[in-house]
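A short write-up of the structure that comes next.
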2 protein chains.
Amino acid sequence: MEKTDPASLPDYLLDDQIGYILRRVTQRHLAIFSEAIPQVTTTQFAVLARLRQLGPLSQNLLGRETAMDAATIKGVVDRLTRQGYVTTAPDPEDRRRLTVALSAEGEALYAQVVGKALAVSASTLDPLSASERATLTALLLRLV
Amino acid sequence: MEKTDPASLPDYLLDDQIGYILRRVTQRHLAIFSEAIPQVTTTQFAVLARLRQLGPLSQNLLGRETAMDAATIKGVVDRLTRQGYVTTAPDPEDRRRLTVALSAEGEALYAQVVGKALAVSASTLDPLSASERATLTALLLRLV
DNA sequence: GCAAACTGATTTGCACACAAACAAGTTTGC
DNA sequence: GCAAACTTGTTTGTGTGCAAATCAGTTTGC
């Protein structure tokens, strides 16, 4: 059984582990994004995109729609508010809720950079052919 | 030209963007990991795995070998040191360097959880067949 | 042989990211 | 009708992750 023999441990190749690969690909993607769109981060842009798609949302729902927990979305909304890209207002229907909406500045920024955001996605996937990109995306979506 | 018409902006589907998908897949992977291996984080385990593979390394080189910048690896090494899984010592050859090595406790933890770490990777990829996993990994590696 | 360039480590500041605990408000079940 | 259960938002604590500045030490070029 040789439980104490180090040589009997399974081979663990860090470079082949999905988590490590995901982290490195994400690092490259974030670098491409911040180079192309220095005004906001990827998460901040996700919030702008969702608000533009869905209209004003409560802060918690906005978090769920952008895959951020309550503590994270609060920080993101705070920073976007400070930069003037979103506004917040209490919901008269439900006094627990804080409604978050895109401001005119947020609309303008979105219009200005949405094309670049698409280019960032394309740039991240640049090493792959069109069909490889489709394959990769489809496979990743099954892991969500 | 209709520059001011919002309807003329390109379609940006957040759910189809590679960065957003990567973030969500990573979230799921981190959740699986922390459930299976609560003792350390993914990045901390990456450090243990590299030290076991390569032996003692300077802190900066260890960072490069685990895809962390100097500020990040310092924090990770500090936390691993506090938990007793690594030890640090000045390098007599180069007085700028801080050599990081796996401790006996680190070796023991690694031996105890490496099998679980492999199971975490398998679990993350569980929705895919063996050949799909190989395809996904190969495609992702081309994006690093 | 020594100044310039480089490398290693640290610190600060900012931005996610999640867990846990809490307060306030709303809904539900009986 | 009202207590229990749930939801929303906030705060605190911990852990990445990167940029930029700084200091100490090493290497290089002339």
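Letters A, B, ... mirror the listed sequences (proteins, then strands); counts begin at 1. Only heavy atoms go into these numbers, but all of them, side chains included; no hydrogens, no water, no symmetry mates.
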(request) Scan A/T42 against the nucleic acid and name what it touches under 4.0 Å (heavy atoms): base, sugar-phosphate only, or nothing. (result) nothing
(message) Using the side-chain heavy atoms of B/A71, tell me which of these nucleotides is nearest: C/dT11, C/dG8, C/dA24.
(response) C/dT11
(request) Sequence neighbours left out, what pairs pass ring pair (Phe, Tyr, Trp, His ring centres under 6.0 Å) with at least one residue falling in residues 68-123 of chain B? (result) B/F45-B/Y110
(request) Could you tell me whether the phosphate oxygens of D/dT8, OP1 or OP2, come under 4.0 Å of any side-chain nitrogen or oxygen in A/R97? (result) yes
(message) Check this for me, if you would: do B/K74 and B/D69 make a salt bridge, where the nitrogen-to-carboxylate-oxygen distance has to be below 4.0 angstrom?
(response) no
(message) Please determine whether a side-chain nitrogen or oxygen atom of A/R79 lies at a distance below 4.0 Å from atom OP1 or OP2 of C/dC16.
(response) yes
(request) Please tell me which of the listed nucleotides, D/dT7, D/dG17, D/dT10, lies nearest to the side chain of A/R96? (result) D/dT7
(message) Does a side-chain N or O of B/R64 approach OP1 or OP2 of C/dG8 to a distance below 4.0 Å, or not?
(response) yes
(request) Rounded to the nearest angstrom, tell me the gap between atom CG in B/D78 and atom C1' in D/dT16. (result) 13 Å
(message) From OH of B/Y20 over to C1' of C/dA17, roughly how many Å is that when rounded to an integer?
(response) 14 Å
(request) Return no unless some side-chain N or O of A/R82 is found under 4.0 Å from OP1 or OP2 of C/dA15. (result) yes
(message) Side chain of A/K74 only, heavy atoms from C-beta on: which candidate in D/dT26, C/dG25, D/dT10 is closest?
(response) D/dT10
Check: residues 118-126 of chain B side-chain donor-acceptor pairs under 3.5 Å, at least two apart:
unit_1, atom_1, unit_2, atom_2, d
B/S121, OG, A/Q17, OE1, 2.6
B/T124, OG1, B/V120, O, 3.0

(request) Tell me which nucleotide among D/dG9, D/dG25, D/dG15 gets nearest to the side chain of B/Q44. (result) D/dG15
(message) Among B/D78, B/L62, B/L51, which residue satisfies the side-chain contact (heavy atoms from CB on, under 4.5 Å) criterion with B/V86?
(response) B/L51
(request) Using only side-chain N and O atoms of A/Q27, determine if any of them is under 4.0 Å from OP1 or OP2 of D/dC18. (result) yes
(message) Using whole Å, what does the distance between atom P of nucleotide D/dT16 and atom CZ of A/R24 come to?
(response) 18 Å
(request) Over all heavy atoms of both residues, which pair between A/S58 and A/R97 is shortest? Give the atoms and the distance, please. (result) CB-CD, 3.6 Å
(request) For C/dG25, take OP1 and OP2 only and decide whether either is under 4.0 Å from a side-chain N or O of A/R95. (result) yes
(request) Just call it for A/T41: base, sugar-phosphate, or nothing, with non-hydrogen atoms closer than 4.0 Å on any strand. (result) sugar-phosphate
(request) Please state how far atom CE in B/M68 lies from atom C1' in C/dG8, giving the value in whole angstrom units. (result) 17 Å
(message) In this structure, how many angstroms lie between the P atom of D/dA24 and the CG atom of B/N60, rounded?
(response) 17 Å
(request) Report yes if at least one side-chain N or O of B/R23 is closer than 4.0 Å to OP1 or OP2 of C/dC16; otherwise report no. (result) no
(request) For B/T99 and for A/P92, find the nucleotide of DNA chain C with the closest heavy atom, then tell me which residue's nucleotide is more 5'. (result) B/T99
(request) Grab the CZ-C1' distance between A/F33 and D/dG17 for me, whole Å please. (result) 16 Å
(message) Side chain of A/Q59 only, heavy atoms from C-beta on: which candidate in D/dG9, D/dG15, D/dT26 is closest?
(response) D/dG9
(request) Check whether any side-chain N or O of B/T43 sits under 4.0 Å from OP1 or OP2 of D/dT16, and answer yes or no. (result) yes
(message) On DNA chain C, compare the nucleotides closest to A/A67 and A/E93; which residue's is nearer the 5' end?
(response) A/A67
(request) Take B/G75 and A/S34, find for each the nucleotide of DNA chain D with the closest heavy atom, and name the residue whose nucleotide sits nearer the 5' end. (result) B/G75
(message) Nearest whole Å is fine: how far is C/dT7 P from B/I73 CD1?
(response) 19 Å
(request) Answer with yes or no whether the hydrophobic clustering places A/Y20 together with B/L57; edges join I, L, V, M, F, W, Y residues whose side-chain heavy atoms lie under 4.5 Å apart. (result) yes
(request) Would you mind classifying the nucleic acid contact of A/D69 as base, sugar-phosphate or nothing, using non-hydrogen atoms under 4.0 angstrom? (result) base
(request) Would you tell me whether A/R24 and A/Q27 have side-chain atoms, one donor and one acceptor, within less than 3.5 Å of each other? (result) no
(message) If I take atom CG in residue B/L30 and atom C1' in nucleotide D/dT14, what distance separates them, rounded to the nearest angstrom?
(response) 14 Å
(request) Please tell me which of the listed nucleotides, D/dG25, D/dT10, D/dC18, lies nearest to the side chain of B/D94? (result) D/dG25
(message) Side chain of A/V76, heavy atoms from C-beta onward: which of D/dT16, C/dC16, C/dT26 has the nearest atom to it?
(response) C/dC16
(request) Name the pairing partner of C/dC30, where a pair is Watson-Crick or G-U wobble with both distances under 3.5 Å, or state none. (result) D/dG1
